[in-house]
Every structure is written in structure tokens, then in C-alpha cells.
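Presented below is the structure to which this report refers.
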Amino acid sequence: MVLAALVLAMFMSAIEMTIISTAMPSIVGELGGFSLYSWVFSAFTLMQAVTTPIYGKLSDLFGRKPIFMIGIVIFLSGSILCGFSTSMFMLVIFRVIQGFGAGAVQPIAMTIIGDMYTVEERAKVQGYFSSVFGISSVIGPLVGGIIVHYSHWSWIFWMNVPLGLLAAAGAIFFLHEGVEKKKRSIDYAGSGLFFVSITSLMVVLIQGGGAWRWTSPQILALLLAFVLGAALFLKQEGRASEPMMPLHIWRNRFIAIGNTATLTSGAIVIGLSSFLPTYIQGVMGGSAFIAGFTLTVMTVGWPIAAWLAGFTIIKIGIRPTAVIGGIAIFIGSLFFVTLDPSKGPMWAGAGSFIIGIGMGFSNSAFLISIQNSVPWQMRGVATASNMFMRLLGSSVGAALLGGVLNLRFKRFISSNENPLGDVISMNSINQVLNSSGSHPLPAEQLHIVQRGLTISLHQVYWGVFVLAVITLIGTLMLPKIESKTD
């Protein structure tokens, strides 16, 4: 019953990241505020990322159940308010509240799994949980489209209420845990400094190079806030009696290596999700449906491999399972390094599927090895650190690979490779991608833009390849588990 409650909570939180995508045109049509479009997505992920480690520590101090319940209450409150939004600004604010709750739901659910099951059982159950992410990614846009077509967009938020109430009931009545009763010291200063510094960094990654120039006063001020906040945070964590993120956990090789590889793998996923549709539609001339298919196969491979990882971890161990995943990610990245328009969408889809297989094996192994390397009192913050690094990897990957794309295309525009000179600009990409089946650009301009996109995206995929190599090295460096800590 507890497992069913956790699966419901995870599904509720995970689908919220994808279900809104197909509803956004209807939301913008009713509320306006297109300039805040991207922040409807970013506000949720930003708040989820910066609160995840804080909730992880609180669950170690006060137990999983109360923090999990607090997360559900906040998430449902934000969901209800989102449905009542009357402007885009209000929606963004309420998405912040949603993300504030999601920051507790996902990592605490994963931590409870770590508490409830032995390492052998945990391998299988974590595979089921990874499947929840894959399934929600696939059906989220579909469910969102159905709701918008047959009802009002507000129901994409209000549908969370019955799911959340069922999950909460399962936790209230069936989850029992023993927490040592003693006076707790909360690291308010550390939590505040972490919040300020990471929020500053993630706003830079979200806005930099797009809404704000990298050398703009806003970006420079936020970078300064990040550097100062991070320095003060490290100093505070070294002297706090109950630090929000104990720095010594990063001396644990399972955590240091596993989290680094999780960061790079998170960047790989966002790199493919963000830029593969551009290649399929802008370079190959495929439809949005075909572009979506090439990504969907990754979310099919992921849960399959995560389920299989539960068995391979028991049979051959955690490190060999992680290495299988690292090799698959590496092989999948080779498909994109060698991608060209003549190979077609099936080549890209095959690469996506293989990378999804790699993610399922490696991420399951990383999480289980991290949970198994620390005692109960540290498991919450250790699990949260892994989920935080995945979210941070997505933000860093989007900014880094997006910067590579923009810089290479700008260099193409100003080089001899572009015989049309100023006729071609960054806006030319928008004209190609927003063509709705017929390109408004003249044939010669279209050919030049597609050539520039091919060259630029090829550089992006070399970046994905480098990230895949780092991930593979991380799996090879993962220590061999000699004993269990439960």
C-alpha cells in the first residue's frame, strides 16, 4: 500500500513537467503574456531543484513521512491555485508553489524506497519508479491534449487533487517509521544561502544568452550573487552542527562519482530533447510527429532498461550494471555524431533508444549505490543530492549546448560558408521551424539555413559525445561494493 501511494505521488509530480506542454497554446490564448511562456516551465523546475536537497536533509532530521506529507500539501495547493490563474504572471507564481512541493515529493519517495527494501528488492522497485518517469513523459503531452480538447486547461492541474489525496492517505495510514526523538538543530543559514546561490545560478542558465546577454548587468549581478552565496554556504556548512548538506558526503566515492555522472547524463537527455526535434524538422524536413517519435523511443528504452537493471544488479552487481549503461550511452552518442540528413529519422531514433537503454541501467545503479553507501540518517540528503544533480545537469546542459548551437550558427552566418551574407540571420531558423509544412524562405536561403543548422547541430552532438564519454568514465570509476550499509 505504501508503494502504491509512492507511485501515485511520483506519477503526479513527474507528469506535471510534460502534461502542460500541449496545453500552453490554449493557456496563452486565454491568459496572454507570451513573454512569460518559458517561465511557466522554468519556474517549476527551478524551485524543485533548489528545494530538493533542503527537503532531503529535513527528512533525515524529522523523518520521511512528515516531510513527504508537507510536500504533497504544498504541491496540491499550488495545483489548485494554478487552475484559478487569471494571468500568466499568476500562473508562473503558482507554478513556483507547485515546484516547491515537488521538491519534496520525488526525492522523499525515492528515499522511502531506500528505507523499506533491501538492496536486492530495491533494485527491482527503483526500476518500477524509473518506469513511472518514462511513462509520464510519453503520456503527459497526450493527456494534456485530451484534457484541453474536451475540457478546460485548468483540469491539467486539478487532476492532481484526487491523485495527491490518495497518495497522502496511503502514507498516513500505512507508512510507519521510527524516528529518534531529540532536539533538532535546523541549518537555516545554510538553507538560505544554498537557496540564493543556486537560484541565482539557475536563472543565469535559463535567461543567459536568450532574454539577457551573457555580459548584461543582470547576468553579472546574478553570477556575483552565486559566487558569494556559494562561498558563504561552504563556510557555513563547515561549522554548522546539523549542516543542510554535510560536505563530507562528497568524500564518499559512490556519491561523488555517481552524482557527477548523473549530472552529465542529465545534460545528455536535455540536449537530445531540446535539439533533436530541430534537426528532424529543420534539417531533414520531417514533421513534428516524426520528431516526437525519435524522442519517444528514448522514453520507451529507459523504463525497459530500468526494469531489467533490477535483475542485473542482483545477478552481476551494481558496478557492472552501471558500466552496461555507460557503454550504451556511449554507443548511442555515436549515432548522433555520425548523423546526417541522408541517414533519416530512423538513425536518430535508434540512437535515442540506445541512450534510453543506457539511462535506465546507469541511473538505477547510481541511485542504488548511493543509497547503499550511507546509513539511514544520511540517506535522505544523499538521495536528494542525486536528484538535484540530475536537475542541475538539465539546466547546465540546456545552457551549454544551446550556447554551442548559437555560437556556431552565428559563426556560420559571418563566414564564407554563407554566400548570402546578411540575408541569413538567427531569425531564419524560426522561419524554417515555424513553416507548418511549407517553407516561406526561398529555396536558396532554405538550403543555406539547413546547411548552417547541420553544421551547428553537429557541434552540439559532439558536445553530447563528450558528455557520454564522461558518463562512461564515471561508471568505470564507480567503486566495487564490498559490504552493505542498511
### Task
Start with the C-alpha distance between Val40 and Ile27, add both sets of side-chain angles, then the distance that settles side-chain contact (heavy atoms from CB on, under 4.5 Å), and finish with yes or no.
CA-CA 10 Å; Val40 175; Ile27 294 174; 5.9 Å; no
### Task
Using the side-chain contact (heavy atoms from CB on, under 4.5 Å) rule, take Asp60 and Gln377 through it: C-alpha gap first, then chi angles, then the decisive distance, then the call.
CA-CA 5 Å; Asp60 288 336; Gln377 295 81 3; 5.6 Å; no
### side-chain contact (heavy atoms from CB on, under 4.5 Å) between Ile172 and Met69, intermediate numbers included
CA-CA 8 Å; Ile172 290 171; Met69 294 302 303; 3.7 Å; yes
#### Entry: CA sep, side-chain torsions, deciding dist, call: Phe75, Asn160, side-chain contact (heavy atoms from CB on, under 4.5 Å)
CA-CA 9 Å; Phe75 183 87; Asn160 293 322; 3.8 Å; yes
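Rounding to the nearest 0.5 Å gives a distance of 9.5 Å between CZ of Arg390 and CE of Met359. Separation of atoms CD1 (Ile19) and CZ (Phe157) is listed at 8.5 Å; rounding is to 0.5 Å. Remark: Leu405 CG to Leu457 CG distance equals 5.0 Å, nearest 0.5 Å. For the atom pair Ile93 CD1 and Met88 CE, the distance stands at 13.0 Å (nearest 0.5 Å). Within the model, atoms CD1 of Ile108 and CE of Met10 stand 11.0 Å from one another, a figure rounded to the nearest 0.5 Å. Distance check, rounded to the nearest 0.5 Å: CD1 of Ile249 to CD1 of Ile255 gives 4.5 Å.
Remark: the backbone N or O of Val148 is not paired with any side-chain donor or acceptor of Ser151 at under 3.5 angstrom. Remark: the backbone N or O of Ala382 is paired with a side-chain donor or acceptor of Ser385 at under 3.5 angstrom. Side chain of Arg408 to main chain of Gln459: no donor-acceptor pair is present (N/O by atom type, distance under 3.5 Å, no hydrogens or angles). Side chain of Ser13 to main chain of Ala9: no donor-acceptor pair is present (N/O by atom type, distance under 3.5 Å, no hydrogens or angles). Lys57 contributes no side-chain N or O that, together with a main-chain N or O of Gly380, makes up a donor-acceptor pair within less than 3.5 Å.
Considering only heavy atoms from C-beta on, Arg213 stays 4.5 Å or farther from Ile219 through its side chain. At least one side-chain heavy atom of Trp302 sits less than 4.5 Å from a side-chain heavy atom of Val269. Ile72 places a side-chain heavy atom less than 4.5 Å from the side chain of Val105. With a 4.5 Å cut-off on side-chain heavy atoms, Val460 and Tyr279 do not count as touching. Considering only heavy atoms from C-beta on, Phe336 comes within 4.5 Å of Ile355 through its side chain. Using a 4.5 Å cut-off on side-chain heavy atoms (C-beta onward), Pro53 and Val381 make no contact. By the 4.5 Å heavy-atom criterion applied to side chains, Phe68 and Thr111 are not counted as neighbours. In this structure, the side chains of Asn363 and Leu367 stay at 4.5 Å or more apart for every pair of heavy atoms.
Contact between Pro479 and Arg253 at its shortest, heavy atoms only, is CG-CB, 3.6 Å. In terms of heavy-atom proximity, Gln98 sits nearest to Cys82 at OE1-SG, 3.9 Å. Taking both residues in full, the closest heavy atoms of Ala225 and Ser200 are given as CB-OG, 3.6 Å, listed atom of the first, atom of the second, then distance. Of all heavy-atom pairs between Gly258 and Leu478, the closest is N-CD1, 4.4 Å. When all heavy atoms of Gly144 and Ile156 are compared, the closest pair comes out as CA-CG2, 4.4 Å. Nearest heavy atoms, Ala5 versus Gly170: CB-CA, 3.8 Å.
Applying the side-chain hydrogen bond (donor to acceptor under 3.5 Å, both in side chains) criterion to Thr199, with sequence neighbours excluded, gives no partner residue. Evaluation of the ring pair (Phe, Tyr, Trp, His ring centres under 6.0 Å) rule for Phe11 yields no partner, not counting sequence neighbours. Legend: residues meeting ring pair (Phe, Tyr, Trp, His ring centres under 6.0 Å) with Trp153, ordered by chain and number and at least two apart, are absent. In this view, Phe84 and Trp158 satisfy the ring pair (Phe, Tyr, Trp, His ring centres under 6.0 Å) rule, not counting sequence neighbours. In this structure, the side-chain hydrogen bond (donor to acceptor under 3.5 Å, both in side chains) partners of Asn252, at least two apart in sequence or on a different chain, are Ser373. In this structure, the side-chain hydrogen bond (donor to acceptor under 3.5 Å, both in side chains) partners of Trp462, at least two apart in sequence or on a different chain, are His458. Qualifying side-chain contact (heavy atoms from CB on, under 4.5 Å) partners for Ile113, counting only residues two or more places apart in sequence or in other chains: Leu3, Leu6, Tyr117, Arg122, Val125, Gln126, Phe129. With sequence neighbours left out, Ser352 forms a side-chain hydrogen bond (donor to acceptor under 3.5 Å, both in side chains) with no residue at all. When the ring pair (Phe, Tyr, Trp, His ring centres under 6.0 Å) test is applied to Phe44, no partner is found at least two apart in sequence or on another chain.
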Atom pairs and distances, side-chain donor-acceptor, residues 227-240, under 3.5 Å, sequence neighbours left out:
| residue | atom | partner | partner atom | Å |
| --- | --- | --- | --- | --- |
| Gln236 | OE1 | Arg239 | NE | 3.3 |
| Gln236 | NE2 | Asp187 | OD1 | 2.8 |
| Glu237 | OE1 | Met244 | N | 2.8 |
| Glu237 | OE1 | Met245 | N | 2.8 |

Please table the atom pairs, donor to acceptor, closer than 3.5 Å between any side-chain atom in residues 468-477 and protein atoms at least two apart or in another chain.
| residue | atom | partner | partner atom | Å |
| --- | --- | --- | --- | --- |
| Thr471 | OG1 | Thr264 | OG1 | 2.7 |
| Thr471 | OG1 | Leu467 | O | 2.9 |
| Thr475 | OG1 | Leu472 | O | 2.6 |

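In this structure, Phe366 has its ring center no closer than 6.0 Å to that of Phe254.
Using a 30° and 60° split on the angle between ring planes, Tyr55 and Phe100 fall in the perpendicular class, above 60°.
The salt bridge (Lys or Arg N to Asp or Glu O under 4.0 Å) analysis of residues 9-20, with sequence neighbours excluded, yields the pairs Glu16-Arg95.
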